[in-house]
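In what follows, a structure is listed as structure tokens, so that the remarks can point back to it.
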Amino acid sequence: MFKQGVNRGAVFLCYNSRDRSQVIAIAESLKAAGTEVWIDDWQAGTTMQALAEALQSAASSIHGAVIFIGESGLGGWQGFEARLFARAHFERALPIVVALLPSASRTAADVPRMLEAVPRVDLGSDLRHEGVEVIRRALAANPSDQSKASVRRIMEGEESYGQIGLSADELDVELITKLHRIDDYEGGVEMLQGIVVKARSTLGARHPKVSFHLNELGLLFRELGRFKEAEASFRQAVEIDVLNVGEQHPVVASRLNNLALALQELGRFHDADAIYRRVIAIEEARGGQQDSLATTLSNLSLVMNEVGRFAESHDLLRRALAIDTKLFGANHSAVARDLANLSFVLHQLNRLDEAEEACRQSIAIDTKCFSEKHPLVATSLNNLAGLRVARGDLAGAEDLRRRALSIDREVLGESHPNVGRDTQALASTYCTLGRLSDAEELWRNAVAMSEGALGAEHHQTVAARCGLAAVYATQARYDEAESLYVDSLEATISAYGQDHLHVGPVTNALGELYRNMERYDEAERLLMRALAITTRHRGPDHPTVAACINNLGLVYQATGRVDEAERAARRALAIDERAYGTDHHEVALDLFNLALLLSATNRLAEAEAAFERALAIQEASLGREHQYVGHTLSNLALLLQRTGRAHLAEPMMRRALAINERVYGVAHPETATGLNNLAMLLASLGRPGEAEPVQRRALAISQRSWGMYHPNTRACARNLASIQEQLTGR
């Protein structure tokens, strides 16, 4: 049944979103005439799953349906809805009517063959009152045996492209795919594989139904993370379609889009790029203003993100947004999708104000279209939380991520992958906030949820396992962290192969763990491999490549290879400057890392200049109270202290401590670090009486956060002992 109530006897209005304004006018007339209507613009929140279940129920609240057809024909989701209503028409005599809108009222060719025997209302050149009365009378009549038989015959035997008829079993499998029934995916794959074999045997290897079901099979494989099998299914579907209707047909474009998405998941961005551009050429040849073109532009923008071409991604999304706004108006879900993607790219470009505005617009549109408790709203709330983190508002990010998790739990249930994704996002926020015990619990829950829904080798499960490992590494529980990282790496290689894009981040994480454990040979080997994989997939100028190079540079520094470490730091800086521009906060992070290296090698004037440039960028791009500003201030203050300018260092260090307390809280490990630094500065200035209570507070926080035997805790204890010796004169 519907999650939001529909009065018994309501008539469902099924329409292409391009025809929305005309259909709403008719809905108003039907309502004024006494007919209860269901239209998503008025009663948002009903899922397609609920519609399917309601139509299959003997006690359905749907009394009939009007299937509107305008000049654009049936829309994608509308075609799926129409098949559901057609099935209900012959199975339980549901009255349905085809209403030809003024732009589509010329010939019977506008109506899909599946609906050719269904009563039809031609609304003429305008939406006249008489047409509404004809709709009401047609719905009141019992469906004829001829109509039901014709619909069944054509629906289960349709052969033409774009109008694939489905038997009851085939429609049931399509429901699994379209409605994301995650618990039925494995069963759906088995059923579809049998259907493909049967279709090939009875209809021939080139029949449109074979292509249709191969495409559906590919979609299920994608949801299960079986991307190589998805690629194979999509390729077979494309080959059949090209043989039947040629390379320029819209169905071929649709299949190619799905193939490109699978290639994206496999990390083959160059191949995906080429296919998307082929699809765009097909769609532009058809006029270049259809929603399918906007979708392809949006998909291609995601590939541009993956290879670090953010400016190009931004331009593609602006074009997609313009098309969808023109087609559907400013408050359509397609526009919300474009805005959500645009927000992500603007975030990467550090245009945070614009990014937040686009994200908020997306949330407002989806809330209006679907209700405030919808998975799309939850996704955008998580994106908005990411922007809050970028601005240093960790408490605001936590609140948004809690809301997203609550929505998906209520709407989708505890076992849905989206709930696992939301749990991971909240766990990550807790890590940043230093709430490691809370984070550990959530990461454990996320691992269990993802393993249950998607399997142990799925990349979402691996991400959850790596998140838990990162908590252990932070707590110096290195053996537990290593075990999780090794298991994750083996699972990823098993699922995707040795050189897949997903292998890179796990390899990098394990290499970083070994660096922290001072197992430098193993760390270097893994980090070199992660760099090679990432470069192969994303190209040599992607920011992720810069991050890998930075990590490798830290190994070089730790092993005394200073020249190699500096070359790595400067190479990472150059990559990020090309990708983001010279005033981006990621560039500031590279400058910060370079400054640490220069300081460690006693090139103090150069280090100071790098710190100062990093600080200026961070204050300008992130604000004076951002946590990154605090980190840079603290290290610059240490450098000033080291060069005999402690009187300049103290106010800088106190400012850094105040930022940490505001951003992280008074009991966070970062606050403990700031307190430790301030205490040692005060001691160096001959003020041990002021230094001791500050250091005691640092030690107490460290003990609570890390435990008695963590290296940070032991360092705080040694520093406190040193200050006490200074006090007593021993």
Within-4.5 Å side-chain heavy-atom neighbours: Ser333 and Ile365: no
Between OG on residue Ser301 and OH on residue Tyr276, distance to nearest 0.5 Å: 9.0 Å
Heavy-atom side-chain contact between Ile69 and Leu101 under 4.5 Å: no
Arg538 side chain vs Glu306 backbone, donor-acceptor pair below 3.5 Å: yes
Heavy-atom donor-acceptor pair, Thr202 side chain to Lys198 backbone, under 3.5 Å: yes
Under 3.5 Å side-chain donor-acceptor pair for His89 and Ser147: yes
Residues forming a salt bridge (Lys or Arg N to Asp or Glu O under 4.0 Å) with Arg278, sequence neighbours excluded: none
Distance in Å, Gln193 CD paired with His213 NE2, rounded so as to fall on 0.5 Å steps: 13.5 Å
Sidechain-backbone polar pair: His63 side chain, Leu94 backbone, donor-acceptor under 3.5 Å: no
Cationic N near anionic O, under 4.0 Å, Arg235 to Glu239: no
For His207 against Lys209, the heavy-atom pair lying closest together: ND1-N, 2.9 Å
Side-chain heavy atoms of His270 within contact of His537, under 4.5 Å: no
Short side-chain to backbone donor-acceptor contact, Glu231 and Ala260, under 3.5 Å: no
All side-chain hydrogen bond (donor to acceptor under 3.5 Å, both in side chains) counterparts of Arg536, not counting sequence neighbours: none
Separation between CG of Leu220 and CE of Met191, rounded to the nearest 0.5 Å: 10.0 Å
Residue that, paired with Asp324, satisfies side-chain hydrogen bond (donor to acceptor under 3.5 Å, both in side chains) out of His332, Arg319, Arg337: Arg337
Separation between CD1 of Ile67 and OH of Tyr15, rounded to the nearest 0.5 Å: 14.5 Å
Ser362 side, atom OG; Asp338 side, atom CG - distance, nearest 0.5 Å: 9.0 Å
Contact check, side chains of Asp241 and His249, non-hydrogen atoms, under 4.5 Å: no
Contacts of type side-chain hydrogen bond (donor to acceptor under 3.5 Å, both in side chains), residue Thr379, not counting sequence neighbours: Arg421
Interatomic spacing from CZ in Phe227 to NE2 in His459 - rounded to 0.5 Å: 4.0 Å
Pair Arg465 + Glu490, salt bridge at N-O below 4.0 Å: no
Pair Glu457, Ser494: side-chain N/O donor-acceptor within cut-off below 3.5 Å: yes
The single option from Asn341, Leu321, Ile323 passing side chain to side chain contact (heavy atoms under 4.5 Å, CB included) against Leu297: Ile323
Full working for salt bridge (charged side-chain N to carboxylate O under 4.0 Å, His left out) between Arg277 and Glu312: CA-CA 13 Å; Arg277 294 186 191 278; Glu312 190 170 350; 2.9 Å; yes
Under 3.5 Å: donor-acceptor pair, side chain of Asn244, backbone of Arg206: yes
Close side-chain approach of Phe269 and Met304, heavy atoms under 4.5 Å: no
